[in-house]
Number of protein chains: 2
Amino acid sequence: MERQTTIKDIALALRISTSTVSRALRDAPDVGIETRKAVKALAEELDYQPNKLALSLLKKQTNTIGIIIPNLDYVLATMVKGIDEVALEAGYTVMVCQSDESFGREMVNTKRLLDSLVDGFIISVSSETMVFDHIKKIQNKKIPLVLFDRVINNISVPKVRLDNVEGGRIATKHLIDQGYKNIALLAGPENLNISNERKEGYLETLKQNKIKVDKNLIIHCDFNQEYAKVATRELLTGKNKPDAIFAISDRLAIGAMTVIKELGLSIPKEIGLVGFNNEPITQLLTPSISSVEMYAFEIGKATAKIFIEMMHSEVDMSEKEIVFKPKLFIRESSNRIRK
Amino acid sequence: MERQTTIKDIALALRISTSTVSRALRDAPDVGIETRKAVKALAEELDYQPNKLALSLLKKQTNTIGIIIPNLDYVLATMVKGIDEVALEAGYTVMVCQSDESFGREMVNTKRLLDSLVDGFIISVSSETMVFDHIKKIQNKKIPLVLFDRVINNISVPKVRLDNVEGGRIATKHLIDQGYKNIALLAGPENLNISNERKEGYLETLKQNKIKVDKNLIIHCDFNQEYAKVATRELLTGKNKPDAIFAISDRLAIGAMTVIKELGLSIPKEIGLVGFNNEPITQLLTPSISSVEMYAFEIGKATAKIFIEMMHSEVDMSEKEIVFKPKLFIRESSNRIRK
DNA sequence: AACAAACCCGAAAACGATGCCGGAAAGGGT
DNA sequence: ACCCTTTCCGGCATCGTTTTCGGGTTTGTT
C-alpha cells in the first residue's frame with residue numbers, strides 16, 4: 001500500500017501553505033487565479049485524493065449508514081438495493097451487517113457499527129429480538145435511526161413498513177371470493193411481527209365473512225423450507241382438511257405446493273394457494289402462484305429517503321411512519337373462477 | 001448526536017495527561033497501578049469508546065474490506081455471508097457494493113471504496129466488465145485484492161472460484177449416463193466467464209462421448225428469467241428437439257421446467273433437466289431438479305481467509321488460486337434410470 | 001502623496017488518539 | 001551523602017484536513 005499524496009505534498013512542491021492548497025481545491029474565494037490553477041494541475045498530476053478519515057475526524061461525520069438486517073433473502077436484498085441506491089445518490093455509503101436472525105449478533109453488530117462511527121442506523125430486527133436495549137442505546141446517543149420492514153411497536157422512531165394486516169386481508173378475501181371455505185394459514189415464527197400482522201388480517205377477514213376459525217388450520221413454522229412441507233402434510237392429512245392455504249411467504253407457499261402435488265391434489269381446483277412477497281419465481285412455476293406484492297424496493301428507497309431527511313433537517317420525525325399498501329397478484333394457484 | 005467522551009475528558013477529570021490515560025487503557029507497562037485503576041473506572045463510568053477514526057488516521061488502516069459484487073442473488077448473498085463470517089472474526093468490517101452488472105457502477109464503486117480508504121478489496125466482476133483499468137489501479141496502489149467466483153484470467157491476483165468446466169462436465173456426463181442423446185445448453189450471457197467455462201465442460205464431454213455438437217442446441221440468454229422460457233420454447237419447438245437441457249443456473253432451469261410442462265412433456269422421461277447452484281428451492285419443486293452444488297458459502301470463507309492472510313503476511317500470493325470442485329446432486333428431473 | 005480597500009496567503013488550532021523521549025521522584029546500593 | 005536505577009508520568013510530534021484570524025502587498029481613489 002503506497003503512500004497517498006497529501007495536501008502537504010502539494011504545498012511543499014509549490015512552496016505555498018497547506019491552507020492555500022486546501023482553499024484552492026475547494027474553490028474558496030480568496031486564492032489567486034494563478035495559484036489555484038497550479039494547485040489543481042499538480043493535484044491532478046499526482047492523483048490527489050482527499051483523505052476521508054481526516055475529514056471525518058474533523059467534521060465528526062463519516063457519511064456512512066449502518067444497516068442491520070436478519071438475513072439476505074430476496075425481500076431484504078431487494079430492500080437493501082433500494083436503500084443503497086438512494087444513499088449513494090446522497091453521498092452516503094452503507095455498511096450491511098447480517099444478524100442471522102440472532103439477537104446476540106444483532107447486538108454485536110450495533111456495537112461494531114457504533115464504534116465504527118456510522119452517522120446513523122437503518123435496522124430491520126431479527127425474529128429473536130424481544131428486548132430493545134441496543135435500540136435505546138442508539139436513541140440515547142441521539143444517533144439517527146430508521147426502522148424498516150420488521151419494525152418494533154411502542155417505540156418512538158421513524159418506521160417504514162408494509163401494511164401487513166391488509167396483506168393478510170386481501171389474500172384471505174381473495175380466497176373467499178374464489179369460493180374456498182376452509183382456509184389454512186402457514187404462518188411464520190410465533191413472535192415475528194410481520195407474521196402475526198398477516199395472521200391478524202387473516203383472522204379478521206374470516207370473521208367478517210362469518211367463517212369460524214379453526215386453530216388447527218393455523219400452523220406456525222420457521223422459514224426453513226422443510227418445515228413448510230411437514231406442516232402442509234400435517235394439514236392435508238388431518239381431520240379438518242383445508243381447501244386453501246395462505247402462506248406467509250412465497251418460500252413456504254412453494255413448499256406447500258410441492259406437498260399438495262405429492263398428495264395428488266389439484267391446484268387450484270381442490271386446493272387454493274396464495275403466497276407472500278411476490279418473488280419472481282412465483283411466475284415461473286406451474287401453476288404460477290398468486291402472491292402479495294410488498295414493494296420491497298420502494299420500501300428500501302423510502303427508508304433511505306427518510307434517513308437522509310433526518311440527517312438534513314432538525315425537525316423531529318420520531319413519530320413518522322410510512323405504510324405501504326400491498327397488492328395481490330392473482331395467478332393460477334388460486335384462480336378457479338374464470339374472470 | 002452527542003459528544004462522545006474522549007481520552008482528553010478522562011485526562012482532565014483525573015488531572016493527568018492524555019498519554020497516561022492512553023497507556024492505562026491499553027495496559028501498557030509503565031503506568032502506576034493506582035492510576036490505571038482510576039482511569040479504567042472512569043472510562044467505564046463515562047462509557048468511553050475509542051474513536052476509530054483517529055486511530056485509523058494514525059495507523060493508516062481502517063479494518064474495512066470493500067466488497068464489490070454484481071448483485072445479491074442467492075449465490076452471491078451466500079458467498080458474502082461466508083466472507084462476512086470470517087472477516088468479522090478477524091476484526092474486519094465489510095462494505096458491500098452492488099455493481100448491478102454494470103461496468104460503470106463497478107468503477108464508481110471502486111472509486112468510492114478507494115477513497116473510503118478500505119484496507120483491501122474482494123471483488124466479483126460484473127458481466128459487462130471487459131476492461132480492467134480499475135483492477136489495475138488497485139494493484140498499482142499495492143492494495144490487497146482477491147477475486148472470487150467471477151474471476152479474471154491473465155491477471156496476477158489471488159483467486160477463489162469453482163471449477164466451472166468440471167461443473168459442466170459432470171452435469172453433461174450425468175445426462176449422457178442417463179441415456180439422453182440430444183442435450184441442449186441454456187447458457188448465460190456470451191462474455192461471462194463462468195458461463196463459458198460451464199459450456200466448455202459441456203462441449204468437451206459431448207466430444208468425449210462422440211456426440212456431435214449442434215449449435216442450435218446452445219442458447220445464450222440473460223439471467224432474466226423470462227428469457228429462459230422463450231429460449232426453451234424455441235428449443236422444444238425447433239427442428240432438432242433436445243431430449244435434455246442443461247441450464248447454467250437454477251433460475252434458468254426453473255424457467256425451462258415451466259415451459260417443458262406447458263408443452264405437456266414429461267420430466268425426466270421425455271426431457272431431462274439439470275440446473276446449477278443447488279439452490280434450496282430445487283429440492284422443493286416437483287419434480288425436484290438435479291443441480292450442481294458450487295459451495296458458495298465455502299468459497300466466501302476461503303476468499304476472506306486468503307484476504308486476511310495477505311494482510312498479515314508479506315509473502316506474494318498473487319499467483320494463488322483456490323479451485324473448488326463442484327458436486328452434482330441428482331434429483332428427479334434427470335433420474336430416469338432407477339438405481 | 002497618503003490612506004483605504006481589496007486581494008492573497010500563512011500560521012496555528014482543532015479533531016482524537018498513539019508513541020517517543022526526557023525528566024522528576026523514589027528507592028537501593030556503596 | 002552520593003550516584004545509579006527504576007518507576008511513573010508529561011510534553012510534543014504526528015496522522016491529513018479545514019478554518020479562523022491576522023498580516024502583508026497591491027491597487028485605486030482623492
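No experiment lies behind these values; they were computed from the predicted model shown. Chain A is the first sequence line, chain B the second, and so forth, proteins listed ahead of strands; every chain is numbered from 1.
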Thinking salt bridges, do A:Lys111 and A:Asp115 make one under a 4.0 Å N-O criterion? yes
In whole angstroms, the gap separating C1' of D:dT17 from CG of B:Leu117 amounts to 12 Å
In terms of side-chain geometry, is the basic nitrogen of A:Asp149 or A:Lys159 positioned less than 4.0 Å from the acidic oxygen of its partner? no
With rounding to the nearest 0.5 angstrom, report the CG to CG distance, B:Leu117 to A:Leu53. 5.0 Å
Please list, for nucleotides 8-10 of chain C, all pairs of protein and nucleotide N/O atoms separated by less than 3.5 Å.
{"unit_1": "C:dC9", "atom_1": "OP1", "unit_2": "A:Thr35", "atom_2": "OG1", "d": "3.2"}
{"unit_1": "C:dC9", "atom_1": "OP2", "unit_2": "A:Gly32", "atom_2": "N", "d": "2.5"}
{"unit_1": "C:dC9", "atom_1": "OP2", "unit_2": "A:Thr35", "atom_2": "OG1", "d": "2.7"}
{"unit_1": "C:dC9", "atom_1": "N4", "unit_2": "A:Asp30", "atom_2": "OD2", "d": "3.1"}
{"unit_1": "C:dG10", "atom_1": "OP2", "unit_2": "A:Ser17", "atom_2": "N", "d": "2.8"}
{"unit_1": "C:dG10", "atom_1": "OP2", "unit_2": "A:Ser17", "atom_2": "OG", "d": "3.0"}
{"unit_1": "C:dG10", "atom_1": "OP2", "unit_2": "A:Thr20", "atom_2": "OG1", "d": "2.6"}
{"unit_1": "C:dG10", "atom_1": "N7", "unit_2": "A:Arg23", "atom_2": "NH2", "d": "3.0"}
{"unit_1": "C:dG10", "atom_1": "O6", "unit_2": "A:Arg23", "atom_2": "NH1", "d": "2.8"}

Lys/Arg-Asp/Glu bridge criterion (N-O < 4.0 Å) met for A:Arg150, A:Glu101: yes
One would report the end-axis bend of the helix from C:dA1-D:dT30 to C:dT30-D:dA1, five pairs per end and rounded to 10 degrees, as 70°
For the pair A:Asp119 and A:Lys60, find out whether any cationic side-chain nitrogen is under 4.0 Å from an anionic carboxylate oxygen. no
Do the charged groups of A:Asp30 and A:Arg36 touch, with an N to O distance under 4.0 Å? no
Would A:Arg26 and A:Ser22 count as a side-chain hydrogen bond (donor to acceptor under 3.5 Å, both in side chains) here? Give the steps. CA-CA 6 Å; A:Arg26 281 170 307 117; A:Ser22 169; 2.9 Å; yes
Give the rounded distance in Å between these two atoms: CD of A:Gln61 and C1' of D:dT18. 13 Å
Which pair of heavy atoms, one from B:Ser116 and one from A:Thr93, lies closest together, and at what distance? OG-OG1, 4.4 Å
Whole angstrom is fine here: how far is it from CG in A:Leu25 over to C1' in D:dT18? 12 Å
Could you check how far CG of A:Leu12 sits from P of D:dG16, rounded to whole Å? 13 Å
note: A:Ile7, atom CD1; D:dG16, atom C1'; distance rounded to Å ~ 8 Å
Can you tell me if the side-chain N/O atoms of B:Lys8 get under 4.0 Å from OP1 or OP2 in C:dC15? yes
Show your working on salt bridge (charged side-chain N to carboxylate O under 4.0 Å, His left out) between B:Asp47 and A:Lys141 and close with a plain yes or no. CA-CA 11 Å; B:Asp47 189 33; A:Lys141 288 183 189 278; 3.5 Å; yes
Check DNA chain D against residues 45-59 of chain B and give the residues with a non-hydrogen atom under 4.0 Å, in numerical order. B:Leu57, B:Leu58
Per atom distances to the A:Thr6 side chain, the nearest of D:dT17, D:dT18, D:dC15 is D:dT17
More than 12 non-hydrogen atoms from neighbouring residues, nucleotides or ligands closer than 6.0 Å to CD on B:Glu89, yes or no? no
In whole Å, what is the span from the CZ atom of A:Arg3 to the P atom of D:dT14? 13 Å
Would you please say whether a donor-acceptor pair under 3.5 Å links the side chains of A:Ser17 and A:Thr20? yes
